[in-house]
**Student:** 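I am attaching a structure below and will ask some questions about it afterwards.
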Amino acid sequence: MRAMDVMTTDVITVGPETTIQGVATLLAEKGISGAPVVDAGKLVGIVSEGDLLHRAEIGTAYRHRVRRRSWWLDHFAADAARDYIKSHGRTVGDIMTRDVVTVSEDTDLADVAALLEARRVKRVPVMRGDEIVGIISRANLVRALGATKGAGPGGAEADDRTIRARLLAELGREEWAKVWPEDVIVRDGVVHFWLSEDEPEEKRHALRVAAETIAGVRGIEEHNVPAPSVPAF
């Protein structure tokens with residue numbers, strides 16, 4: 001399987017001029033933990049929940065106490081300055097990670113997993129040249145694993161990709177079929193739907209019918225995920 005088979009295609013991005021409060025609200029409302037930063041159509045960084053942990057507004061700013069100046073404190077002072085920017089910066093451009101690691105649509109999932117682990121990141125943008133076409137996270141890989149049922153590598157990768165593309169195209173034509181592409185994974189001819197536990201049975205039934213109309217589908221499995229919580233005000 002490759003990045004294109006499991007990536008999230010509806011990518012939410014922000015601009016470097018977005019305020020800290022604005023990006024915090026966006027991440028909370030969308031239920032995501034990070035977003036690419038795009039300026040004039042070009043990827044310039046990525047911002048995540050980790051970049052918002054230490055903030056002066058909520059009393060979690062980094063605390064550095066340097067009593068005296070010494071030559072060996074120069075490096076420490078540089079780190080402290082960066083931490084101050086993270087804690088007090090007003091826009092995404094101030095706090096974002098600029099050294100962004102990316103993958104292509106054709107990157108093998110094994111290479112994606114190795115990259116996430118080596119760089120200690122939770123997500124990477126998927127690029128087609130200079131264009132962001134998706135984002136792949138640890139959660140996407142976990143879902144792909146859940147769809148394997150312990151089966152070994154198969155030779156039906158291209159067929160699975162074709163089935164998924166045709167099914168997503170079919171669902172995209174229907175008003176009722178509001179399913180995120182990353183919630184549909186096809187493995188060895190079996191369509192796996194990841195659905196909120198509060199989805200009505202009528203929609204579940206219609207999704208099964210839609211999948212059954214696609215040539216090559218050998219089975220359908222549903223996986224429930226917790227329903228999104230409603231924030232209290």
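Everything numeric here is computed off the predicted structure, so don't read it as measured data.
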**Student:** Please report the interatomic distance CG(L52) to CG(L27), rounded to the nearest 0.5 Å.
**Tutor:** 6.5 Å

**Student:** Hey, are the side chains of V47 and T97 touching, using non-hydrogen atoms and a 4.5 Å cut-off?
**Tutor:** no

**Student:** Same cluster or not: are I95 and I12 linked, directly or through other Ile, Leu, Val, Met, Phe, Trp or Tyr residues, by side-chain heavy atoms under 4.5 angstrom apart?
**Tutor:**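 Yes; I12 is reachable from I95 via cluster members.
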
**Student:** Just verifying a value: how many Å separate T13 OG1 and D39 CG, rounded to the nearest 0.5 Å?
**Tutor:** 11.0 Å

**Student:** Do the side chains of L43 and D130 get nearer than 4.5 Å, heavy atoms only?
**Tutor:** no

**Student:** How far does CG of L53 sit from OG of S48, to the nearest 0.5 angstrom?
**Tutor:**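 Between atom CG of L53 and atom OG of S48 there are 8.0 Å.
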
**Student:** Within the supplied structure, the quantity of interest is the number of heavy atoms (other residues, nucleotides, ligands) at a distance under 6.0 Å from E201 CD; does it exceed 12?
**Tutor:**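 Yes, the 6.0 Å shell around CD holds more than 12 heavy atoms from other groups.
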
**Student:** Report yes or no: do D159 and T162 form a side-chain donor-acceptor pair below 3.5 Å?
**Tutor:**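 No, T162 and D159 have no side-chain donor paired with an acceptor closer than 3.5 Å.
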
**Student:** Would a 4.5 Å heavy-atom cut-off, applied to side chains only, mark D183 and L195 as touching?
**Tutor:** no

**Student:** How long is the straight-line distance from CG of L167 back to CD of E212, given to the nearest 0.5 Å?
**Tutor:** 11.0 Å

**Student:** Using a 4.5 Å cut-off on heavy atoms from C-beta on, say whether the side chain of V38 contacts that of I132.
**Tutor:**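 In contact.
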
**Student:** Would you confirm whether S196, through its side chain, and E199, through its main-chain N or O, come within 3.5 Å as a donor-acceptor pair?
**Tutor:** no

**Student:** In Å, rounded to the nearest 0.5 Å, how long is the span from CD1 of I20 to NE2 of H88?
**Tutor:** 12.0 Å

**Student:** Strictly distance-based, threshold 3.5 Å: is any side-chain N or O of R161 a donor or acceptor partner for the main-chain N or O of M4?
**Tutor:**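 Not confirmed, R161 side chain does not pair with M4 backbone.
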
**Student:** Evaluate I136 against T8 for side chain to side chain contact (heavy atoms under 4.5 Å, CB included), listing each step before the verdict.
**Tutor:** CA-CA 6 Å; I136 188 166; T8 298; over 6 Å; no

**Student:** Quick one: do V190 and I220 satisfy side chain to side chain contact (heavy atoms under 4.5 Å, CB included)? Show the steps, please.
**Tutor:** CA-CA 5 Å; V190 179; I220 301 164; 6.0 Å; no

**Student:** Can you find a heavy atom in the side chain of M1 that is under 4.5 Å from one in the side chain of I185?
**Tutor:** yes

**Student:** Is V225 reachable from V6 through a run of I, L, V, M, F, W or Y residues, each pair having side-chain heavy atoms under 4.5 Å apart?
**Tutor:** yes

**Student:** If we ignore hydrogens and angles and just use 3.5 Å, is the side chain of K203 paired with the main-chain N or O of K178 as donor and acceptor?
**Tutor:** yes

**Student:** Give the cluster check for V103 versus V44: same hydrophobic cluster or not, with ILVMFWY residues linked at side-chain heavy-atom distances below 4.5 Å.
**Tutor:** no

**Student:** Do V133 and E105 come close enough that some side-chain heavy atom pair is under 4.5 Å?
**Tutor:**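 Yes, at least one pair of side-chain atoms sits under 4.5 Å.
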
**Student:** Is there a salt bridge (Lys or Arg N to Asp or Glu O under 4.0 Å) between R119 and D99 once you walk through the steps?
**Tutor:** CA-CA 11 Å; R119 297 297 294 265; D99 181 20; 3.3 Å; yes

**Student:** If you group Ile, Leu, Val, Met, Phe, Trp and Tyr by side-chain heavy-atom gaps below 4.5 Å, do F193 and I214 land in one group?
**Tutor:** yes

**Student:** Count the heavy atoms of every other residue, nucleotide or ligand shown that sit under 6.0 Å from CH2 of W180, and state whether that count exceeds 12.
**Tutor:**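 For W180, atom CH2 is not crowded (no more than 12 foreign heavy atoms under 6.0 Å).
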
**Student:** Does a side-chain N-to-carboxylate-O contact under 4.0 Å join E182 and R143?
**Tutor:** no

**Student:** Work out which heavy atom in I163 is nearest to a heavy atom in G189; give both atom names and the distance.
**Tutor:** CD1-CA, 4.3 Å

**Student:** Cluster question for you: counting only ILVMFWY and a side-chain heavy-atom cut-off of under 4.5 Å, with indirect links fine, are V11 and V37 together?
**Tutor:** no

**Student:** Just do the side chain to side chain contact (heavy atoms under 4.5 Å, CB included) check on W176 and L171 with the steps written out, would you?
**Tutor:** CA-CA 8 Å; W176 56 265; L171 296 177; 4.1 Å; yes

**Student:** Indicate yes or no: at least one non-hydrogen side-chain atom of T91 is less than 4.5 angstrom from one of T18.
**Tutor:**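 No, too far: nothing below the 4.5 Å cut-off.
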
**Student:** Considering only NZ, NE, NH1 and NH2 on the basic side and carboxylate oxygens on the acidic side, decide whether R120 and E117 come within less than 4.0 Å.
**Tutor:** no

**Student:** Which atom names give the shortest non-hydrogen contact between L109 and A144, and what distance separates them?
**Tutor:** CD1-CB, 4.2 Å

**Student:** From the options I135, N140, L141, select the one residue that forms a side chain to side chain contact (heavy atoms under 4.5 Å, CB included) with S137.
**Tutor:**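 Exactly one option meets the side chain to side chain contact (heavy atoms under 4.5 Å, CB included) with S137, and it is N140.
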
**Student:** Could you measure the distance from the CZ atom of R138 to the CZ atom of R123? Nearest 0.5 Å is fine.
**Tutor:** 9.0 Å

**Student:** Does E49 come within less than 4.0 Å of K122, counting only side-chain N to carboxylate O?
**Tutor:** no

**Student:** Crowded around R208 CZ? As in, over 12 foreign heavy atoms under 6.0 Å?
**Tutor:** yes

**Student:** Will you find, in the side chains of T107 and R2, an N or O donor that is under 3.5 Å from an N or O acceptor?
**Tutor:**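 There is no such pair between these side chains.
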
**Student:** Got V126 and T102 here, is their nearest side-chain heavy-atom distance under 4.5 Å?
**Tutor:** no

**Student:** Does the side chain of S104 come under 3.5 Å of the side chain of D106 through a donor N or O and an acceptor N or O?
**Tutor:**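 Their side chains do not contain a donor-acceptor pair, so the 3.5 Å distance test is not met.
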
**Student:** Under 3.5 Å, side chain of R164 to main-chain N/O of V184, donor-acceptor pair present?
**Tutor:** yes

**Student:** Verify side chain to side chain contact (heavy atoms under 4.5 Å, CB included) between I46 and M96, making sure each step is shown before the conclusion.
**Tutor:** CA-CA 6 Å; I46 195 163; M96 68 183 184; over 6 Å; no

